[in-house]
Amino acid sequence: MATIVQCLSSCASLNSKFKVLSLKGASSSSTSSLSTRRGAVCSSLSFSQSVSQCVAFSSGNLWVQKNPSRQLIVCEAAPTKKADSAAKRARQAEKRRVYNKSKKSEARTRMKKVLEALDGLKKKPDAQADEIVTVEKLIGEAYSAIDKAVKVRALHKNTGARRKSRLARRKKAVLIHHGWYVPDSVAAVTEAVTMAA
């Protein structure tokens, strides 16, 4: 019994940390427990009376042998393993990559729908001014998707602003093409021409 306590006291002073140490013998009539010492975390340690000596300690296993004529008792001592920080960073990066990819893809898809609708409206010779309302609804959805991508930092804020500006300029070009909108500079020039004449 004294050799076990001596062996365990030397094992408890090691720098590695343990979750649980337990020894179980054939006869578990008398058990005792060991408390935490010097940074080694031992939740519980129970052993039988017939344990005689400590043989070896390596790689998280404590081998304790009974009398030579009897069987071998093995104590599994699992050291607490720190999570690999590089592997965790890789997992986090992959999760963010997939999330950001979906946000960017949604913004691009909405932009394509708006640009196709505007091209169709521009090529249509007998287009009505009411048809721009459906395109404006698509533009609103595209703006929303772009803003969400910028909010979660899947897109840079300047990139989001540039893409929204591209949609607004394309819409303005279609409005000017059909004559539903007259820019201020053109209106000022035509007004000046009519006043001069």
Side-chain angles (χ1 to χ4, degrees), residues 14-21 36 38-44 59-60 76-197:
L14 293 174
N15 291 333
S16 59
K17 297 183 185 280
F18 303 97
K19 286 186 180 175
V20 175
L21 284 174
T36 305
R38 290 193 194 169
V41 181
C42 300
S43 297
S44 65
S59 68
E76 296 292 332
T80 57
K81 186 180 178 197
K82 282 183 77 173
D84 189 7
S85 60
K88 183 176 180 181
R89 284 291 176 192
R91 287 195 306 271
Q92 290 173 338
E94 180 62 20
K95 189 187 289 187
R96 281 195 298 270
R97 185 189 70 81
V98 171
Y99 182 73
N100 291 341
K101 184 179 177 183
S102 69
K103 290 293 182 186
K104 288 192 273 190
S105 175
E106 183 183 359
R108 273 196 303 268
T109 304
R110 301 283 183 182
M111 283 184 64
K112 282 181 187 176
K113 285 183 180 180
V114 170
L115 295 175
E116 288 172 3
L118 287 172
D119 287 342
L121 190 61
K122 189 173 185 177
K123 291 176 183 175
K124 198 172 181 183
D126 56 344
Q128 299 298 320
D130 298 338
E131 295 178 30
I132 199 72
V133 173
T134 58
V135 175
E136 285 176 346
K137 184 177 179 184
L138 291 175
I139 289 174
E141 292 172 358
Y143 279 10
S144 177
I146 291 169
D147 288 337
K148 285 178 184 176
V150 168
K151 184 178 180 183
V152 298
R153 295 180 181 173
L155 288 178
H156 192 273
K157 61 181 182 177
N158 294 354
T159 305
R162 188 177 65 247
R163 290 184 180 181
K164 286 162 57 172
S165 174
R166 182 184 300 166
L167 295 178
R169 280 186 282 123
R170 192 70 66 91
K171 175 189 163 193
K172 193 173 190 180
V174 170
L175 292 175
I176 291 171
H177 175 75
H178 286 293
W180 301 328
Y181 173 75
V182 177
D184 291 337
S185 59
V186 174
V189 169
T190 54
E191 186 178 322
V193 168
T194 54
M195 288 180 72

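Hydrogens, waters and symmetry mates play no part in the numbers below; they use all other heavy atoms, side chains included.
- T134 places none of its side-chain heavy atoms less than 4.5 Å from the side chain of K137.
- Heavy atoms of other residues, nucleotides or ligands lying less than 6.0 angstrom from CG of D184 number 12 at most.
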What side-chain donor-acceptor pairs closer than 3.5 Å can you find for residues 112-130, not counting sequence neighbours?
unit_1: K124; atom_1: NZ; unit_2: E131; atom_2: OE1; d: 3.1
unit_1: K124; atom_1: NZ; unit_2: E131; atom_2: OE2; d: 3.3

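- Proximity of K172 to R169: side-chain heavy atoms (C-beta onward) are nowhere separated by under 4.5 Å.
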Identify every side-chain donor-acceptor pair in residues 145-152 under 3.5 Å, counting partners at least two apart or on other chains, and give the distances.
unit_1: D147; atom_1: OD1; unit_2: K164; atom_2: NZ; d: 2.9

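- Not counting sequence neighbours, R166 has no partner by the salt bridge (Lys or Arg N to Asp or Glu O under 4.0 Å) test.
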Criterion side-chain contact (heavy atoms from CB on, under 4.5 Å) on K95 and Q92, from CA distance to verdict: CA-CA 5 Å; K95 189 187 289 187; Q92 290 173 338; 5.7 Å; no

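- Under the side chain to side chain contact (heavy atoms under 4.5 Å, CB included) criterion, A87 pairs with D84, R91, sequence neighbours left out.
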Considering only distance and modelled atom types, tabulate donor-acceptor pairs under 3.5 Å from the side chains of residues 100-110, sequence neighbours left out.
unit_1: N100; atom_1: ND2; unit_2: R96; atom_2: O; d: 3.3
unit_1: S102; atom_1: OG; unit_2: Y99; atom_2: O; d: 2.7
unit_1: T109; atom_1: OG1; unit_2: S105; atom_2: O; d: 2.8
unit_1: R110; atom_1: NH1; unit_2: E141; atom_2: OE1; d: 3.2

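- A distance of 11.5 Å separates NZ of K171 from CG of L138, quoted to the nearest 0.5 Å.
- Here ring pair (Phe, Tyr, Trp, His ring centres under 6.0 Å) pairs that include residues 150-187, with residues two or more places apart or in two chains, are H178-W180.
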